[in-house]
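Comments concern the structure below.
We number each residue from 1, following the sequence as shown.
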Amino acid sequence: MRTDPEKQLRSILETVETLGACRICFHDFYRHILEYIPDVPLFHQNRYCMSMKKMFPEQTQRCIRFDRNAVVRHLELHPGQFFKLCPFQVLELVVPVRKEGALCGVVFLGPFRAAAPLPPDSLIATPKGLPRPVPEQLPPLDRQGMEHLANLGYMLSCCISEIIRDMELPPAAAPAGRKALIEQFISTNFNKGITLGMLAEFLNLSESRTSRLLKEYFNAGLTGLVNRQRLNYAINTLQRAEVSARIAAQRAGFGSVEYFHRLFRRETGMTPQEYRKRHQRSER
C-alpha cells in the first residue's frame, strides 16, 4: 500500500524529533522538497538560537554563512553526516539529503551542548567577537547520545532519500533567483508570524538589503506581501469550504479578525459573509 509522501515525511520527522529530543531545520536546495513538508522550519527557530541572534545581531550573518557555506564545503570532503559546532557554540548533527548522488538539501538536528569530545570529522567554528557564550541551558550530548542521534540521522536520511526518489526534481541544483526565493518563502510561511529578520536570514542578507529588494521586486513591504497572500488564501477558503470568517482568518494567519474584516472589505468591497453568499449563489 502506497503512503502519501507528505504524511510519511511528517510522521518520520516527528518520530526523529521525539526519539532524539531535538528540533529539525531543513535547508532545501531544490526548493521543491518542502512542498511535501511545508511546516518544517527553513531556519533555526529554537529558543536558544533566536535569543543569541537577538543578543548578538552583528554575528547573525556569520552564523548564517557558516550553515550555508562552510557546511556545504565540508560535505564535499565528508559526504556523510557529521556534527558541527556553530559560531554560537550550538551542537547539531548535519544530515545530507541526496538524490542519485546529488546534494538536495541538509537537515540539522539539534540544538545541544557538547558534553564529550567531537568526532574527528566534525566542523567547528570559533566564536569570534563573542564573550564565549556557554549554552548551559541546552541539553548535553555525550558520546552515547551522539551515537544515538547519528543512528537517527542515518535512518532519517535513508527515509527522505527513498521518498524523494520518485519526485520530479530539477536536473541540477541551480540556485533560484532572489525574487523567486522571496515568493517561495512567503507562500510557504505566510500563515505564521514571519518577520523581516526571518526572511533576511533565509536569503542570507541584511534586513536593510532585504527591505530594498522587496521594494525593487514588488514595490511593497513584507507586511503588504504577507497580507496579500493571507487574503488570497482566505478568499479561496471561503469559496471552497463551509467555514466562518473567523476560521478563514485564523487559517490564513490573521491575528485579528477585526483587521481581517477591514482588509477584506477594502480589497473586495464587501464583507467576508457577503462574499461567501454571493459566491454560493453564483454556483447554484
Side-chain angles (χ1 to χ4, degrees), residues 3-29 33-34 36-53 63-64 66-68 70-72 74-75 78-99 103-125 133-165 188-189 192 198 201:
T3 306
D4 179 6
E6 180 177 340
K7 292 182 179 179
Q8 189 175 7
L9 270 176
R10 286 177 187 276
S11 177
I12 292 169
L13 293 172
E14 289 173 1
T15 299
V16 170
E17 285 189 329
T18 300
L19 295 178
C22 63
R23 296 287 301 277
I24 288 177
C25 168
F26 187 26
H27 289 180
D28 180 6
F29 297 160
I33 301 174
L34 283 176
Y36 289 84
I37 43 175
D39 291 335
V40 175
L42 304 175
F43 39 84
H44 295 79
Q45 292 181 330
N46 66 79
R47 185 176 300 177
Y48 180 80
C49 289
M50 297 298 285
S51 65
M52 291 301 294
K53 290 172 182 177
C63 190
I64 295 171
F66 180 77
D67 278 350
R68 294 179 181 265
V71 165
V72 174
H74 196 72
L75 280 170
H78 305 274
Q81 62 186 20
F82 58 87
F83 285 94
K84 62 102 171 173
L85 201 64
C86 79
F88 287 124
Q89 301 301 278
V90 175
L91 178 66
E92 290 182 306
L93 177 67
V94 179
V95 180
V97 176
R98 300 182 186 275
K99 177 180 169 66
L103 186 64
C104 300
V106 174
V107 181
F108 298 91
L109 277 65
F112 298 99
R113 169 169 51 91
L118 300 182
D121 62 348
S122 299
L123 177 62
I124 301 174
V134 180
E136 294 292 344
Q137 62 266 49
L138 293 179
L141 198 65
D142 57 17
R143 186 179 300 275
Q144 185 177 3
M146 292 180 192
E147 293 177 356
H148 175 64
L149 193 68
N151 289 333
L152 289 175
Y154 179 75
M155 178 190 74
L156 178 63
S157 176
C158 292
C159 291
I160 295 180
S161 296
E162 177 65 22
I163 291 172
I164 68 174
R165 183 184 61 183
T188 303
N189 300 279
K192 306 168 189 174
M198 292 177 181
E201 180 176 343

### Inter-residue atom distance Phe83.CZ - Asp121.CG, 0.5 Å rounding
9.5 Å

### Task
Please name the pair of heavy atoms, one in Tyr48 and one in Phe88, separated by the smallest distance, quoted to 0.1 Å.
OH-O, 3.6 Å

### Query
Nearest 0.5 Å, what's the CG-NE2 distance between Asp142 and His148?
11.0 Å

### Message
Assess the residue pair Val106 and Val94 against the criterion (side chain to side chain contact (heavy atoms under 4.5 Å, CB included)); give the C-alpha distance rounded to whole Å, side-chain angles, the decisive distance to 0.1 Å, and a yes or no.
### Response
CA-CA 7 Å; Val106 174; Val94 179; 3.4 Å; yes

### Sequence-distant partners of Ala125, side-chain contact (heavy atoms from CB on, under 4.5 Å), two or more places apart
Phe66, Pro87

### Min side-chain heavy-atom separation Leu93-Met146 under 4.5 Å
no

### Message
So, taking the atom named CG in Leu91 and the one named SG in Cys22, what distance separates them when rounded to the nearest 0.5 Å?
### Response
11.5 Å

### Query
To the nearest 0.5 Å, what is the distance between CG (Leu152) and OG1 (Thr15)?
9.5 Å

### Query
Where the side chain of Glu17 meets the backbone of Ile24, is there a donor-acceptor pair that is under 3.5 Å apart?
yes

### Query
Judged by atom type as modelled, is there a donor-acceptor pair below 3.5 Å linking the side chain of His27 to the main-chain atoms of Phe108?
no

### Message
Any non-hydrogen side-chain atom of Phe112 less than 4.5 Å from a side-chain atom of Leu149?
### Response
yes

#### Entry: Partners meeting side-chain contact (heavy atoms from CB on, under 4.5 Å) with Arg98 (sequence neighbours left out)
Leu75, Pro79, Pro96, Leu103

### Task
For Pro140, enumerate each residue passing the side-chain contact (heavy atoms from CB on, under 4.5 Å) test, keeping only those at least two apart in sequence or located in another chain.
Arg113, Ala115

### Message
Can you confirm whether Val107 sits close enough to Gln81 that some side-chain heavy atom of one is under 4.5 Å from a side-chain heavy atom of the other?
### Response
no

### Query
Do side-chain atoms of Ser157 reach the backbone of Gly153 as a donor and acceptor pair under 3.5 angstrom?
no

### Message
Checking His74 now: which residues fulfil ring-ring contact (aromatic ring centres under 6.0 Å, His included) with it, not counting sequence neighbours?
### Response
His78, Phe82

### Query
Which heavy atom in Val95 sits nearest to a heavy atom in Leu109, and how many Å separate them?
CG2-CD1, 4.1 Å

### Message
Assess the residue pair Asn151 and Met155 against the criterion (side chain to side chain contact (heavy atoms under 4.5 Å, CB included)); give the C-alpha distance rounded to whole Å, side-chain angles, the decisive distance to 0.1 Å, and a yes or no.
### Response
CA-CA 6 Å; Asn151 289 333; Met155 178 190 74; over 6 Å; no

### Ser122 side, atom OG; Leu85 side, atom CG - distance, nearest 0.5 Å
8.5 Å

